[in-house]
Protein chains: 2
Amino acid sequence: MPTIYDVAKKAGVSSMTVSRVINGKRDVKPETREKVLKAIEEIGYVPNSLARSFVLQKTKTIGLVITDITNPFFTTLARGVEDTAMKNQFSVIFCNTDEDPEKELLYLEVLARKRIDGVILASASGKRAPLKSLLIKNIPTVLIDREIEGLDDLDVVKGDSVQGAYLLTKHLISLGHRRIGIIVGNRNISTAEDRVEGYKRALAESGIPEDESLVKFSQYSREGGYNSTKELLSLKNRPTAIFGGNNFIAIGALVAIREFELKVPDDIALVSFDDIESLSQVYPFLTVVTQPAYSMGVIAAELLIRRIEGRDKIEERRKVILQPELIVRESAGEKLAEGVRGEGR
Amino acid sequence: MPTIYDVAKKAGVSSMTVSRVINGKRDVKPETREKVLKAIEEIGYVPNSLARSFVLQKTKTIGLVITDITNPFFTTLARGVEDTAMKNQFSVIFCNTDEDPEKELLYLEVLARKRIDGVILASASGKRAPLKSLLIKNIPTVLIDREIEGLDDLDVVKGDSVQGAYLLTKHLISLGHRRIGIIVGNRNISTAEDRVEGYKRALAESGIPEDESLVKFSQYSREGGYNSTKELLSLKNRPTAIFGGNNFIAIGALVAIREFELKVPDDIALVSFDDIESLSQVYPFLTVVTQPAYSMGVIAAELLIRRIEGRDKIEERRKVILQPELIVRESAGEKLAEGVRGEGR
DNA sequence: TGATATACTGTTACCAGTAACGTAAAATTT
DNA sequence: AAATTTTACGTTACTGGTAACAGTATATCA
């Protein structure tokens, strides 16, 4: 593969002149520029950003570490990150951790070795933070969706899980539900705790006593939703509504509910944190709280890139909290509820 | 950031010895290895793969160029690619072209500059192939999902679109439909042509005359599906069934159908090429032909990596064609159809 | 016991760019 | 016309690894 020296020789100039032409620097006579451009064309020269990155100590690449690109929330978020990166001439390396802290660590190590300029991280590690090692190595990092305890100096872009869960729970309560099961992810993950907190706040506000058997810290996955829902449905005093802590949990819950030969919303209500766009467009059924995933990705990427480019040198740590939105559809039995509420229950 | 020389000095050895330890080469005395490992630990050394890639001329990175990660088909495919890459210690840079050949070209240029080891490409360019320039530069490439005319020497992994469309059309015909509208992507894209071909083959086999007004080369997007469906529904002689050329088109079609205040499947049948997993789990309604997207990603990545590692030196170009599967659900009016067929229509 | 093989470690050169500095020629100022 | 500035280049050194080769010390062999 031809190098900058091949071009230089062909054009009868030094490699520095070629370098200047490629990088659009001034200090090159127009005729010289033409000569060089022609040589590049003829030779079919493609600059080697590897070498460039190596001397400049910047790679124009960021890492995106999420749990699963297959989750529509992260898909959309990833799209926001990529679009923004692209706009700023950055590339994105993407990594799926599957909620496995070890895999996360492995990926971060790889990314650090590649000397990426920064990381956007939806961490699976939560409280235990072995990844500290990495972050200490001074890679600019923006946490997304989830916070990490003990790393309070990092930028964060996330949704307001407490408020979202509060809204959703309130909605269920307003429809007459008093026994509401909630299923969230692993206790280590900040969103899991936050969503339970919002849920409990709504209960408290309505004077409904907490029942720990209705609160399931499980996994943010279909299996998690499925298993925990079966547990909830097997309770002597079965809940009348289930709050799926994310979209995958809600899907798993639905499968379990179907297995119990129950109907949503007639026999049991089901709501979800995070929408599933492709579903809602076809079948606007699930009542959900939705987060601006795309914006989240965009904002995180912008923040990170600004940090990388050093435009934010003086600035303090940033924490961006985006507000969720309640979208009422049918899965909580809204129509039925009209009547229930009408009876002044 | 510490370098290999810092480690070497600390351990009292040469940089080569450190290099050997890092890369697990033999020829290092156990005690020396220990010394080096200790120094690495103490200094917090992270190898610089940038420098390594630079001298070794390989980056352990592949590029994944698709049209839109937001499309569940590509999401799943991407996951297959990433998992396989990860397993082989490769990273993945991902790129969304939005079916824009210029963006595609831009990305390929960036990837070439980064000296990635290979590309997996779902091209938006189709017949015009400006990307030839890139491929000529000898980057191992595997085409995925779509072929490119004139580039017959590249490996391909794709679904059998002709067969898939044939199955789906046959199914509609078996349910009594004779006027079937089909909407696919841009004519440049191989899957668009293939799907129309399969559709026509099924029609011909059943002695149904072609009607070009029922064949829409549009865009593989919701808007494409939406607009073309409106056109189809505005025909004097409206089709009784619509074949969405991919999942996004089907979603757009559904929106348009709803706007016309038509019911699926009572007033009109709708089928789709490519499933939408999160939808079908919640609401198994759409009758579809589905492709093994994950496997497609895995196979493409394996093929590419084998090529990169040179294990396939002698081997000819590979073409892997995966078979689609018809999943009959409700959106083509299957139950109703029983009756229709019963009447021997 | 000397010759030869083996195990281990170091030296040198190179990968493809760019920053920083240097310099000659042209342009401008005095 | 000489001095000074500006323009347009070139030279050198360096980025952090590794391949290839070169030792040296120790083990094995004839």
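Within every chain, numbering begins at 1; the chains are lettered A, B, ... in the order of the sequence lines, protein sequences first and strands thereafter. Since we're looking at a predicted model, the values are computed, not measured.
At the phosphate of D:dG17, OP1 or OP2 sits under 4.0 Å from a side-chain N or O atom of B:Y45. Checking the phosphate oxygens (OP1, OP2) of C:dA16, a side-chain nitrogen or oxygen of B:Q57 falls inside 4.0 Å.
For A:E104 (side chain) and A:A124 (main-chain N/O), a donor-acceptor pair under 3.5 Å exists by modelled atom type. Looking only at distances, a side-chain donor or acceptor of B:D100 sits under 3.5 Å from a matching main-chain atom of B:E102.
Straight-line distance from the CZ atom of B:F54 to the C1' atom of D:dT15: 9 Å, rounded to whole Å. For the pair B:N48 CG and D:dG17 P, the computed distance is 5 Å after rounding to whole Å. A:K9 has its NZ atom 15 Å from the P atom of D:dG10, to the nearest Å. In this structure, A:R52 atom CZ and D:dG16 atom P are separated by 17 Å, rounded to whole Å. Rounded to a whole Å, the CG atom of A:D6 is 13 Å from the C1' atom of C:dC15. When the P atom of C:dT18 is taken as reference, atom NZ of A:K58 falls 11 Å away, rounded to whole Å. In this structure, the NZ atom of B:K114 is 18 Å from the P atom of C:dA16, given to the nearest Å. Put simply, CZ on A:R115 is 8 Å from P on D:dG16, counting in whole angstrom units.
The base of D:dG16 lies outside donor-acceptor range of the side chain of B:Y5, with no N or O pair under 3.5 Å.
Within residues 15-31 of chain B, the residues having any heavy atom closer than 4.0 Å to DNA chain D are, in order of number, B:S15, B:M16, B:S19, B:N23, B:K25.
Checked by atom type, the side-chain pair B:T191/B:Y220 shows a donor-acceptor distance below 3.5 Å. Inspection of the A:K114 and B:T61 side chains reveals an N or O donor paired with an N or O acceptor under 3.5 Å.
Considering only the side chain of A:S14, D:dT11 comes nearest among D:dG17, C:dG17, D:dT11.
Heavy atoms only, all atoms of each residue included: B:R115 and A:V46 are closest at NH2-O, 2.8 Å. Contact record, B:S15 with B:A8: N-CB, 3.7 Å, taken as the closest heavy-atom pair.
In this structure, B:F74 has no ring-ring contact (aromatic ring centres under 6.0 Å, His included) partners at least two apart in sequence or on a different chain.
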